[in-house]
Number of protein chains: 2
Amino acid sequence: MNLRDLKYLLAVAELKHFGKAAGHCFVSQPTLSSQIKKLEEQLGVTLFERNNRSVELTPVGEAIVEHARLCIAQVDAMVQTAKIHQDPLAGQLRIGAIPTLSPYLLPLIYQPLKSAYPQMNPIFSDEVTQMLEMRLTNHEIDVALLATDATGKGFGEIPLFDEPFWLIHPPNHPLHTQDVITLTDLRELDMLLLSEEHCLSRQIVEVCQLDGPRRRDELRAFGLETLIQFVSNGLGCTLIPALSVHGGRMTGSGVITRQLDSGEAVRRIRLVFRPNFPRRHALEALAEVILQNLPNTVRCLA
Amino acid sequence: MNLRDLKYLLAVAELKHFGKAAGHCFVSQPTLSSQIKKLEEQLGVTLFERNNRSVELTPVGEAIVEHARLCIAQVDAMVQTAKIHQDPLAGQLRIGAIPTLSPYLLPLIYQPLKSAYPQMNPIFSDEVTQMLEMRLTNHEIDVALLATDATGKGFGEIPLFDEPFWLIHPPNHPLHTQDVITLTDLRELDMLLLSEEHCLSRQIVEVCQLDGPRRRDELRAFGLETLIQFVSNGLGCTLIPALSVHGGRMTGSGVITRQLDSGEAVRRIRLVFRPNFPRRHALEALAEVILQNLPNTVRCLA
DNA sequence: CTCTATTGATAGGTATAGGCTATCGTTTCA
DNA sequence: TGAAACGATAGCCTATACCTATCAATAGAG
């Protein structure tokens, strides 16, 4: 059975005239006649009682037409739904971000994204890298904002920007009097780190070339804001990403924020997605909005 | 768009595997692939995000599949409806009968019809010949039980039986002492007649060869039972159809019921219907039930 | 790291379904 | 009686949905 046949059926039922119904369907009258006949044969019932003067629905015909009407209505609704979503920018875009980026970046882009692409429905979530990668694979999110390379795991990526690490230390720290801080200086410090499922902690270890003994494992905090509180209380130093300096509550917290004298101490933030994700344009739009709303403490890559 | 495509869509959405879905639909995998691709092109959206290891619905796909599911469900319901009505004996059969037949015949056949064809849903109505013919033409009823020939008006008919006219007269009437009553006797009587829209009144005029002056127009009653009351009250005689003698309240009403000495004084009862009425079998079934439940006061024609 | 199995996509050929024009048979109306 | 209107039928043609064979990409085993 064919949807076209059902449309023919509805046309004849409404106009009660094969010729007019055929015109209405943009086919010839014989085509319509034969298709109605075929439909009647398939269903095993007579739908119309016809003679050369009138065409009338049989009682069964009435019932069948009612079903056909509902069916066609469903298809129309389906096409309508498709039309709304034809714009690849439209519809849900489930965005995951790592916790050391999410609270500082997403507020910057939420309003601009709404303004630029009102038809887009972004849904944000907040998890560590490994979880985001799993959710990507399971189609539970569409794109992840990560600070690590995931191309080796079969994902695609759009590099966005390099986010420098800044040093924070307590006010009375020895570094207070030092004008310029280099990477070498960092090796000497007592670095506080996030728990190891955060990519940030691994990256700090790498950047500072911290060796085993120097790591302050006993104090690994679970959130960046908690870590800052530790520093504020004089328990040590740490590196934090530039965006958290901009958006975080540094002022008044008593910690000293210091830029580093090195272009190397950065993490690269990228959009990561399944390579066959069909709405690539939505990702590019997202990337564009992110890049245009960043503070100049980070280095854009486009 | 095609219903087949929607079924393919549902299969892939459910099994998340093109090959298995193809087997489930009894087509080859390339067929399924190309049809899904075609559907995606027609709708202008990507329904599945696929790679060589997994097939997953996109958010739009989810929405579309929901519509498709409802659509297919409608079609299934439609086929089911058709199946139920495939039996030409099933479903509504709207039966009209003339008022001088209806109250005496229909009670005789109602239960037998229910027993023999429980799937049939007979709906009875009661109107004069002209109205019944109009309703037949307008598809408001499916078949009429008439006492007149309607083949000249483009209807089809199944003759059922010849129903003799019986004479009824008051107890103290001169005919009381006469053993055999012939048609000639009737011409001398003061005949009471129904109003002229009833075919019975025309037929009595014809049978008795009543001429203008003898007709008792001022007393034309509207119903047969009323007419019998007139006779009972000694206001005249009349002819009534045999079934009304059988089923009517003759006993105790004080009227005398007399058979006529003539095979001519009958009216022929037939089923009348539109010639293209599709459920001819239902009519034949009805005819059969009627014929098998008649009293022997009438002469069956089959 | 190579080999193989699995999976969806593609290519090319064929058969059927659905389309058309022309015409018929019947009925209605002038 | 002739013309017009209408649905059905016949015969032909094309688009499309189907098939088999094969490709390309990936994952997992040895």
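Residue numbering restarts at 1 for every chain, and letters A, B, ... go by the order of the sequence lines.
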task: For A:Y8, report the nucleic acid contact type (base, sugar-phosphate, nothing); a contact means any heavy atom under 4.0 Å.
output: sugar-phosphate
- prompt: Between B:Q29 and C:dG8, does any side-chain N or O lie under 4.0 Å from OP1 or OP2?
  reply: no
statement: When rounded to whole Å, the CZ to C1' distance for the pair B:R50 and C:dT10 reads 13 Å
query: Could you state the CG-C1' distance from B:N2 to C:dG18, rounded to the nearest angstrom?
result: 12 Å
message: Using whole Å, what does the distance between atom C1' of nucleotide D:dA17 and atom CG of B:L6 come to?
response: 15 Å
- prompt: Choosing from D:dA17, C:dG19, C:dG8, which nucleotide comes nearest the side chain of A:V27?
  reply: C:dG19
message: What is the distance, to the nearest angstrom, from the CD atom on B:Q42 to the C1' atom on D:dA17?
response: 12 Å
query: Is any side-chain nitrogen or oxygen of A:R4 closer than 4.0 Å to OP1 or OP2 of C:dA17?
result: no
field: D:dC6 OP1/OP2 closer than 4.0 Å to side-chain N/O of A:K20
entry: no
- prompt: Which comes earlier along DNA chain D counting from the 5' end, the contact point of A:F18 or that of B:P30, where each point is its nearest nucleotide?
  reply: A:F18
- request: Examine D:dG7: is either OP1 or OP2 under 4.0 Å from a nitrogen or oxygen in the side chain of A:H17? Give yes or no.
  value: yes
message: Whether B:S28 contacts D:dC19 is assessed here as follows: a side-chain N or O lying under 4.0 Å from the phosphate OP1 or OP2. Is that the case?
response: yes
Separation of C:dT7 P from B:I36 CD1 (nearest whole Å): 17 Å
task: Kindly say if A:T31 contacts the phosphate of C:dC20, meaning a side-chain N or O under 4.0 Å from OP1 or OP2.
output: yes
query: Can you check the A:L39 CG to C:dG18 P distance for me, whole Å?
result: 11 Å
statement: Residue pairs meeting salt bridge (charged side-chain N to carboxylate O under 4.0 Å, His left out), one or both in residues 22-37 of chain B, sequence neighbours left out, come to none
- prompt: Closer than 4.0 Å, any side-chain N/O of A:K37 to the OP1 or OP2 of D:dA8?
  reply: no
- request: For B:N51 and D:dG28, give me the distance from atom CG to atom P, rounded to whole Å.
  value: 12 Å
query: Where do A:R279 and B:T58 land on the side-chain hydrogen bond (donor to acceptor under 3.5 Å, both in side chains) test, with the steps shown first?
result: CA-CA 10 Å; A:R279 290 182 293 153; B:T58 61; over 6 Å; no
Side-chain donor-acceptor distances from residues 72-83 of chain B under 3.5 Å, at least two apart:
residue: B:Q74; atom: OE1; partner: A:H67; partner atom: ND1; Å: 2.9
residue: B:T81; atom: OG1; partner: A:H67; partner atom: NE2; Å: 3.1
residue: B:T81; atom: OG1; partner: B:A77; partner atom: O; Å: 2.8

- request: Take the protein atom CG of B:L15 and the nucleotide atom P of C:dT7, then report the distance between them rounded to whole Å.
  value: 13 Å
- prompt: Going through the checks in order, is the side-chain hydrogen bond (donor to acceptor under 3.5 Å, both in side chains) test met by A:T129 and A:E133?
  reply: CA-CA 6 Å; A:T129 305; A:E133 287 173 349; 6.0 Å; no
query: When you check the phosphate oxygens OP1 and OP2 of D:dA17, does a side-chain N or O of B:K38 lie under 4.0 Å from one of them?
result: yes
- prompt: Of A:T148, A:D162, A:T100, which is the lone residue that meets side-chain hydrogen bond (donor to acceptor under 3.5 Å, both in side chains) with A:R267?
  reply: A:T100
